[in-house]
Amino acid sequence: MEISGDAGQHRLSPGPLLDGRGRLAEAGWAGSEVRTYDRSRIAVPRWRIKEWDYYCVLADGDDGPFGLALTVADNGYLGLLGVSWLDLTGRTETTENVMVPFPLGRLRLPASADAGEVVVDRRGIRLEFRHEHGARRLVVRHPGFAGGRGLSGEVVLTPPGDERMVVALPFPGDDRAFYYNQKFPGLSAAGTVTLAGREHTFDPASASGVFDWGRGVWTYDNTWFWASASGRHEGRPFGFTVGYGFGDTTAGSENMVLVDGVAHKLDRVQFHLPHGTYDGAPWRFASNDDRFEMSFEPILDRAADVNALVLRSTQHQVFGRFTGRVTRDDGVRLEVRDLLGFAEKVHNRW
């Protein structure tokens, strides 16, 4: 049985992301970066523009699972450098952020997910995201991390192919707002990170990552849901990304499975969160096309609540393991068991 990869949605054609008036030229989804982002075409003040690069790398080490998450964000009136170390064996995490007031584009995040370097050094944290022979080298230097214990290292993420999840979406009620997002799950990870003098090795046989690249202009109050997991299925690179909440997804949902570098588009996926808790009971995921069914067993809730009067961000990023099934575009069904990943609910007013 062949299944349409378009899932009844609109596939983007090549061209500029925005038209001459700063409006989204076309809404929909793609498996590559077919639309060109040009910051100078945006028709709103600089303080409303939001740009970010986020990486999360998880590993099933000999002593148990662990992970690293790195963020560089230029959100107009507030920038952020973020470093998180995840000890999923001990069910603990350490997150340290540096806020950059009013960067207004000065962090110079690239206009493409496929080119350009990110190099930012602020208040004792240095982050580098560099392209290297088709791969991405992540460099982190944070001597003051965790009360001076220190964290540093390099991890290389290698994609099995060029395909990824891409959406260009409008926001109802604001024709100058848009959400342009690319997510790359299933990246093989290799490298070493040293925390407090102890080395942690990311072995590509058991370590994988996801890259989240976003550019856009949002409306003020948004709640989004996102889940992603990466690893291997029968020896081949495997990953998925599912979610909703940002913009009008009529023309294209954010749901995709990647198997050995090949994208398989899903339609709608609903998150079913446990009542009254984020990490005290399993989550459940179900798609309307019956191609994605997952249960998610939480290990650790990386929770944060930043409240600064008119600005507020309430985050629950829960790490754990996924078990279930997915169906490729050609109808082949894949069984997934204990795959490391995360599921999150985030509410922002900014």
Side-chain angles (χ1 to χ4, degrees), residues 54-61 64-70 84 86 88-89 91 93 155 157-161 163-165 181-189 202-213 224-244 253-266 268-274 278-279 282-287 291-302 316-328 333-346:
Y54 169 79
Y55 292 89
C56 182
V57 190
L58 301 177
D60 259 323
F66 60 90
L68 174 73
L70 304 174
S84 294
L86 309 160
L88 300 181
T89 304
R91 296 178 183 257
E93 61 91 16
V155 179
L157 298 179
T158 303
E163 294 193 334
R164 80 292 299 260
M165 191 290 302
N181 184 235
Q182 304 183 50
K183 290 187 171 76
F184 303 66
L187 305 174
S188 297
F202 290 88
D203 182 341
S206 58
S208 300
V210 61
F211 173 34
D212 176 24
W213 182 96
W224 81 75
F225 300 82
W226 178 31
S228 183
S230 298
R232 291 187 173 269
H233 185 274
E234 296 181 352
R236 296 176 297 171
F238 174 88
F240 65 78
T241 177
V242 296
Y244 55 92
S253 71
E254 300 182 48
N255 305 318
M256 186 175 284
V257 176
L258 286 103
V259 183
D260 206 13
V262 177
H264 302 266
K265 185 69 173 66
L266 306 173
R268 313 286 164 177
V269 175
Q270 185 67 37
F271 288 40
H272 300 276
L273 279 66
Y278 289 95
D279 59 353
W283 299 35
R284 187 172 64 84
F285 303 81
S287 67
R291 294 179 57 194
F292 187 91
E293 296 284 336
M294 288 285 167
S295 64
F296 172 68
E297 191 66 39
I299 297 174
L300 171 69
D301 180 10
R302 192 182 72 86
H316 289 274
Q317 185 182 33
V318 183
F319 294 86
R321 295 189 183 273
F322 289 87
T323 297
R325 61 173 176 83
V326 300
T327 303
R328 302 186 324 197
R333 177 168 157 170
L334 307 179
E335 300 292 335
V336 177
R337 185 168 184 81
D338 294 333
L339 189 66
L340 271 178
F342 59 83
E344 69 180 33
K345 178 183 178 181
V346 177

TODO: Before giving the answer on side chain to side chain contact (heavy atoms under 4.5 Å, CB included), spell out for Phe342 and Glu344 the whole-Å C-alpha distance, their side-chain angles and the decisive distance to 0.1 Å.
DONE: CA-CA 7 Å; Phe342 59 83; Glu344 69 180 33; 4.3 Å; yes
Task: side chain to side chain contact (heavy atoms under 4.5 Å, CB included) between Ser84 and Arg302, intermediate numbers included - done: CA-CA 9 Å; Ser84 294; Arg302 192 182 72 86; 3.7 Å; yes
TODO: Please report the C-alpha distance between Leu258 and Glu163 in whole Å, then the side-chain angles of each, then the deciding distance to 0.1 Å, and finally whether the side chain to side chain contact (heavy atoms under 4.5 Å, CB included) criterion is met.
DONE: CA-CA 8 Å; Leu258 286 103; Glu163 294 193 334; 4.2 Å; yes
TODO: Walk me through it: do Tyr55 and Val155 pass the test side chain to side chain contact (heavy atoms under 4.5 Å, CB included)?
DONE: CA-CA 11 Å; Tyr55 292 89; Val155 179; over 6 Å; no
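Looking only at atom types and distance, the side chain of Gln317 has no donor-acceptor partner in the side chain of Trp226 under 3.5 Å away. Using modelled atom types and a 3.5 Å distance limit, the side chains of Tyr244 and Gln270 yield a donor-acceptor pair.
Taking SG of Cys56 as the start and CG of Leu70 as the end, the distance is 9.0 Å to the nearest 0.5 Å. Rounded to the nearest 0.5 angstrom, Glu254 CD and Leu266 CG are separated by 12.5 Å. With values rounded to the nearest 0.5 angstrom, Arg164 atom CZ is found 12.5 Å from Asp212 atom CG. We find the CZ-CZ distance between Phe292 and Arg325 to be 10.5 Å, quoted to the nearest 0.5 Å. Rounded to the nearest 0.5 angstrom, Thr241 OG1 and Phe184 CZ are separated by 11.5 Å. Here the OG-CZ distance, from Ser295 to Phe322, works out to 9.0 Å after rounding to the nearest 0.5 Å.
Nearest heavy-atom pair, Pro298 versus Arg91, reported as atom, atom and distance to 0.1 Å: O-NH1, 4.1 Å. Summarising the geometry of Met165 relative to Ser253, their closest heavy-atom pair is SD-O, 4.4 Å, with the distance given to 0.1 Å. Minimum heavy-atom separation, Arg232 to Ser188: NH2-OG, 3.4 Å. Across Glu293 and Ser287, no two heavy atoms sit closer than the pair OE2-N, 4.0 Å. In terms of heavy-atom proximity, Ser228 sits nearest to Pro185 at OG-CB, 3.9 Å. Here the shortest heavy-atom pairing between Phe271 and Val242 reads CZ-O, 3.6 Å.
Relative orientation of the His233 and Phe238 rings is tilted, given thresholds of 30° and 60° on the angle between their planes. Ring orientation note: the planes of Tyr278 and Trp283 are tilted relative to one another, at an angle of 30° to 60°.
Applying the side-chain contact (heavy atoms from CB on, under 4.5 Å) test between Val318 and each of Asp279, Leu300, Ile299, Leu273 identifies Asp279 as the sole match.
Contact annotation: the side chain of Arg328 never approaches that of Val257 to less than 4.5 Å [non-hydrogen atoms, C-beta and beyond]. Considering only heavy atoms from C-beta on, Ser208 stays 4.5 Å or farther from Val57 through its side chain. Proximity of Met294 to Val336: side-chain heavy atoms (C-beta onward) are separated by under 4.5 Å at one or more points. Within the 4.5 Å cutoff, side-chain heavy atoms of Leu340 are placed close to those of Leu88.
Ring centers of Phe211 and Tyr54: at least 6.0 Å apart, outside the cut-off. The ring of Phe66 has its center no closer than 6.0 angstrom to the ring center of Phe319.
Side chain of Arg291 to main chain of Lys265: a donor-acceptor pair is present (N/O by atom type, distance under 3.5 Å, no hydrogens or angles).
In this structure Ser206 satisfies the side chain to side chain donor-acceptor pair (under 3.5 Å) test with no other residue, sequence neighbours excluded.
A salt bridge links Arg321 to Asp60: at least one charged side-chain nitrogen sits closer than 4.0 Å to a carboxylate oxygen.
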